[in-house]
**Student:** 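This is the structure I have questions about; it appears just below.
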Amino acid sequence: MNQEKILNVLETAYQKGKAVAPYGNVATYIPELGKADKNNLGISIFTVGGQKYNVGDTDRRFTIQSISKIISLVLALEHLGFDKVFSKVGMEPSGEAFNSLVELDLNSNKPFNPMINSGALTVSSLLLPEFSFEEMTEYARKVCLDSEIEMNEAVFQSEMSNVSRNRAIAYLLESKGIIENDVEKSLELYTKMCSLNVTAESLANFGMILAADGINPANGERLISAQAVKIAKTIMLTCGMYDGSGEFAVYVGIPTKSGVGGGLLSVADYKMGIGVYGPSLDEKGNCIAGRPVLEYLSKELGLHIFDRKRI
Ligand code: GLU
């Protein structure tokens, strides 16, 4: 891989992201997230061959939010198995906002997919009897190659004080027999996982491991099963950007998961992991810089999943 080319492309992608950041807004429905600086931007590219490229605020800590849904999903798939997980949650894009409960209430007996809140709350309820939050944090540290991941107490408390909508979803799931374990504890586990502090670099590490089918390319250690990784990447492509997933797949074509803390986890298969931090969000709750940044990287480096170009 041509290092100079990647550096140049990364710098231009960063400038494109910087240019749109003022047009978005930081999330405020979790008040603590409203304190972020919307002009922050960091992009990390870590290749499976061991090259690392960083630009901007790549070591700044922020909460992982919905990107934790991938960590919980792979853990659930490995420990409970495909059939158990997908007996409780579907695998279809919802076309609805991340915190919607309309379709679930009226037309469905299980959440559309594990990336929307109803699906992730369901996965958390499945994990509740199996793992403590401390064990799940340790797993997050392992797959992000980041031993400093901790829960951000202020963000956790802030979300728990404004959690009515997720609580409503969780009780709706219980009423439909989808959540069978303790509802309040499932909600707390989900919210704690959303409050883990990561960096763009941790996300690039995680993306790199997913790109390498679950193996840490630096030492050959398998961290996640190939089967769980395959499912996670597929769900990221189809559902990772909420109701913006289809358009993102066409224009960018890199399986990606967003979080309202401003993070993006992207996987260019067998090539690289990309981590982005930009807390300025678009109207769908995705990092607003993510689209121009990743679209440019995809085009210039041939990263679209159906692109035959090789760098
Ligand atoms: N903790 C957030 C929520 O449940 C995560 C949402 C997101 O990152 O999209 O509302």
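In listed order, ligands and their atoms are each counted from 1. Counting from 1, the numbers follow the sequence of the chain as shown. This one's a predicted model, so the numbers in the text were calculated from it and none came from an experiment.
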**Student:** Taking non-hydrogen atoms only, is Asn117 closer than 4.0 angstrom to ligand 1 via side chain, backbone, both or neither?
**Tutor:** side chain
**Student:** Answer with yes or no whether the side chains of Asp282 and Tyr23 bring together a donor and an acceptor at under 3.5 Å.
**Tutor:** no
**Student:** Out of all atoms in ligand 1, which are within 4.0 Å of some heavy atom of Cys194? Include the element for each.
**Tutor:** 1 (N)
**Student:** Identify, for atom 7 (C) of ligand 1, the protein heavy atom at the shortest distance, and state residue, atom and that distance.
**Tutor:** Ser66 OG, 2.6 Å
**Student:** With atoms numbered from 1 as shown, which atoms in ligand 1 lie under 4.0 angstrom from a non-hydrogen atom of Tyr242?
**Tutor:** 7 (C), 8 (O), 9 (O)
**Student:** Polar contacts were defined as any N/O atom of the residue lying under 3.5 Å from an N/O atom of the ligand; does this apply to Ser258 and ligand 1?
**Tutor:** no
**Student:** In terms of side-chain heavy atoms, does Asn152 have a donor or acceptor partner in Ser195 at a distance below 3.5 Å?
**Tutor:** no
**Student:** Measure the distance from atom 10 (O) of ligand 1 to every protein heavy atom, then report the residue, atom name and distance (to 0.1 Å) of the closest one.
**Tutor:** Tyr29 OH, 2.6 Å
**Student:** Please work out whether any backbone atom (N, CA, C, O) or any side-chain heavy atom from C-beta onward of Glu159 is under 4.0 Å from ligand 1, and answer side chain, backbone, both or neither.
**Tutor:** side chain
**Student:** Which distance, rounded to the nearest 0.5 Å, do you find between the CG of Asn216 and the CD1 of Ile209?
**Tutor:** 5.0 Å
**Student:** Does NZ or CZ of Lys185 fall inside the cone over Tyr190's six-membered ring, less than 6.0 Å from its centre and within 45° of the axis?
**Tutor:** no
**Student:** Relative to the heavy atoms of Asn166, which atoms of ligand 1 are at a distance of less than 4.0 Å?
**Tutor:** 3 (C), 4 (O), 10 (O)
**Student:** What atoms in ligand 1 come closer than 4.0 Å to a heavy atom of Gly259?
**Tutor:** 8 (O)
**Student:** Just checking, any donor-acceptor pair under 3.5 angstrom between side chains of Ser125 and Thr122?
**Tutor:** no
**Student:** Can you establish whether the number of heavy atoms outside Glu148 located under 6.0 Å from its atom CD is more than 12?
**Tutor:** no
**Student:** Hey, does the Lys NZ or Arg CZ of Lys230 hover above the aromatic six-ring of Phe82, less than 6.0 Å from the centre and inside 45° of the axis?
**Tutor:** no
